[in-house]
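Here's the structure we're looking at; comments come further down.
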Amino acid sequence: MEPPISLNGEDIRNEKVKVLRSIRRLEPSNVILGQYKATFDDKIDVKLNSLTPTYFAAVLYIDNARWDGVPFLIKAGMGLIKHRVEIRMQFRHVPGNIYHDRFGHNINLATNELILRDVPDEAILVRVNNKVPGLGLQLDASELNLLYKDKYNAEVPDSYEHLLLDVIDGDNHLFMRSDELTAAWNILNPVLQEIDKNNIAPELYELGGRGPIGAYYLWAKHGVQGTED
């Protein structure tokens, strides 16, 4: 969202609504549904013959001056290899890299990233390609990290503790307003209706895996590296 005119809760929520209304219509071709493969030994809530998805991925575009042409990839799922809540910002490669043929490391395999992580441990991570010290021209991928629990000797409250404190203080900036909720559903409703109308079956993936393969093809379609760690 764009910077609000103040830290007042209503000013912040106004900008949240504005950015949601700027999101381009979501096309079914930019959506991947998945369902993890279940066995009789797994404790699950999904029937083997159902179309209930346990994984959702989509690519969104915000039609405004700041984010024009930038893909926003969102994904959420159950039964994945790791439980993680984070925002990853990938930086585009510099065009016309004159050192490309001299690097021993393939620059296309590692993309510079800024990662804001909430779960499992709050952290700010920066992943960069750097030159290996010495006389040669070899590139390596490194990570700079600020892990809150290591840096600060203080208890970090979880999200619900923060929300409860905001309720007590009467601070509403993190809570959804009715027009924000409507704007969010206006993004998803058309594609959900299309999925229901055509009985689109979710793609199966292994329980404890990384999700459906189709998600990686979707990332590549929009020029994004599907990095995992």
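The structure displayed is predicted, hence computed values, not measured ones. Only heavy atoms go into these numbers, but all of them, side chains included; no hydrogens, no water, no symmetry mates.
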Begin from the C-alpha positions of M176 and T182 and carry the test side chain to side chain contact (heavy atoms under 4.5 Å, CB included) through to its verdict. CA-CA 10 Å; M176 293 187 72; T182 300; over 6 Å; no
Any chain of hydrophobic side-chain contacts (each under 4.5 Å) joining [X] to [Y]?
{"X": "L188", "Y": "L181", "answer": "yes"}
{"X": "L144", "Y": "I87", "answer": "yes"}
{"X": "M78", "Y": "L207", "answer": "yes"}
{"X": "W219", "Y": "I32", "answer": "yes"}
{"X": "F56", "Y": "L60", "answer": "yes"}

Show the numbers, then the answer: is there a side chain to side chain contact (heavy atoms under 4.5 Å, CB included) between M89 and E113? CA-CA 5 Å; M89 287 159 276; E113 286 187 306; over 6 Å; no
Shortest non-hydrogen separation from [X] to [Y] and the atoms involved:
{"X": "P28", "Y": "V191", "value": "CA-CG2, 3.7 Å"}
{"X": "P212", "Y": "G34", "value": "CG-CA, 4.2 Å"}
{"X": "Y55", "Y": "A215", "value": "OH-CB, 3.5 Å"}
{"X": "F91", "Y": "L114", "value": "CE1-N, 3.8 Å"}

Side-chain (E203) to main-chain (G214) donor-acceptor, under 3.5 angstrom: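 Side chain of E203 to backbone of G214: a pair is present.
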Hey, does the side chain of T54 reach the backbone of Y36 with a donor-acceptor pair shorter than 3.5 angstrom?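 Looks like yes, one N/O pair under 3.5 Å.
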Quick one: pull up [atom1] in [X] and [atom2] in [Y] and give me the separation to the nearest 0.5 Å.
{"X": "Y205", "Y": "L80", "atom1": "OH", "atom2": "CG", "result": "5.0 Å"}
{"X": "L51", "Y": "L33", "atom1": "CG", "atom2": "CG", "result": "10.0 Å"}
{"X": "R88", "Y": "I115", "atom1": "CZ", "atom2": "CD1", "result": "4.0 Å"}
{"X": "E143", "Y": "L125", "atom1": "CD", "atom2": "CG", "result": "4.5 Å"}
{"X": "R92", "Y": "T111", "atom1": "CZ", "atom2": "OG1", "result": "12.0 Å"}
{"X": "R117", "Y": "N145", "atom1": "CZ", "atom2": "CG", "result": "9.5 Å"}

Co-members of I81 in a cluster of I, L, V, M, F, W and Y side chains, linked at under 4.5 Å: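 Its cluster mates, by chain and number: none.
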Output the rest of the hydrophobic cluster of V119: all Ile, Leu, Val, Met, Phe, Trp and Tyr residues reachable through side-chain heavy-atom contacts under 4.5 Å, sorted by chain and number.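 Joined to V119, directly or through intermediates: V85.
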Please determine whether the number of non-hydrogen atoms from other residues, nucleotides or ligands lying under 6.0 Å from atom [atom1] of [X] exceeds 12.
{"X": "Y152", "atom1": "OH", "value": "no"}
{"X": "I74", "atom1": "CD1", "value": "yes"}
{"X": "L192", "atom1": "CG", "value": "yes"}

Which residues pass the salt bridge (Lys or Arg N to Asp or Glu O under 4.0 Å) test with K149, not counting sequence neighbours?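 D121.
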Looking at residues at least two apart in the chain, or sitting in another chain, which of them share a salt bridge (Lys or Arg N to Asp or Glu O under 4.0 Å) with D63? R24
With the side chain counted from C-beta on, respond yes when [X] and [Y] share a heavy-atom pair under 4.5 Å apart, and no when they do not.
{"X": "P71", "Y": "V224", "answer": "yes"}
{"X": "D166", "Y": "H162", "answer": "yes"}
{"X": "L20", "Y": "I23", "answer": "yes"}

Counterpart residues, side-chain contact (heavy atoms from CB on, under 4.5 Å), relative to [X] (two or more places apart):
{"X": "E10", "result": "N8, R13, N172, R177"}
{"X": "K221", "result": "S29, N30, L218"}
{"X": "I12", "result": "M1, P4, K16, H173"}
{"X": "V128", "result": "N112, V126"}

How would you list all residue pairs meeting side chain to side chain donor-acceptor pair (under 3.5 Å) that involve residues 184-193, not counting sequence neighbours?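 Counting only pairs at least two positions apart or across chains, no side chain to side chain donor-acceptor pair (under 3.5 Å) contact touches residues 184-193.
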Any side-chain donor paired with an acceptor under 3.5 Å for S142 and N130?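 Yes - a donor-acceptor pair under 3.5 Å links their side chains.
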What pairs of residues pass the salt bridge (Lys or Arg N to Asp or Glu O under 4.0 Å) test when at least one of them lies in residues 64-74, not counting sequence neighbours?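 Every salt bridge (Lys or Arg N to Asp or Glu O under 4.0 Å) pair that includes a residue of residues 64-74, provided the two are not neighbours, is E2-R66.
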The test is side chain to side chain contact (heavy atoms under 4.5 Å, CB included); show your working for L116 and I124 and say whether it passes. CA-CA 5 Å; L116 308 179; I124 300 175; 4.0 Å; yes
Name every donor-acceptor pair, under 3.5 Å, that has one atom in a side chain of residues 194-202 and the other anywhere in the protein, sequence neighbours excluded.
residue	atom	partner	partner atom	Å
E194	OE2	N198	ND2	3.0
N198	ND2	E194	O	3.2

Keeping to residues at least two apart or across chains, list the ring pair (Phe, Tyr, Trp, His ring centres under 6.0 Å) pairs with something in residues 58-86.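 Every pair satisfying ring pair (Phe, Tyr, Trp, His ring centres under 6.0 Å) with a residue in residues 58-86: Y61-H222, W67-F72.
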Please walk me through it: do E86 and D118 pass side chain to side chain contact (heavy atoms under 4.5 Å, CB included)? CA-CA 6 Å; E86 64 186 16; D118 183 51; over 6 Å; no
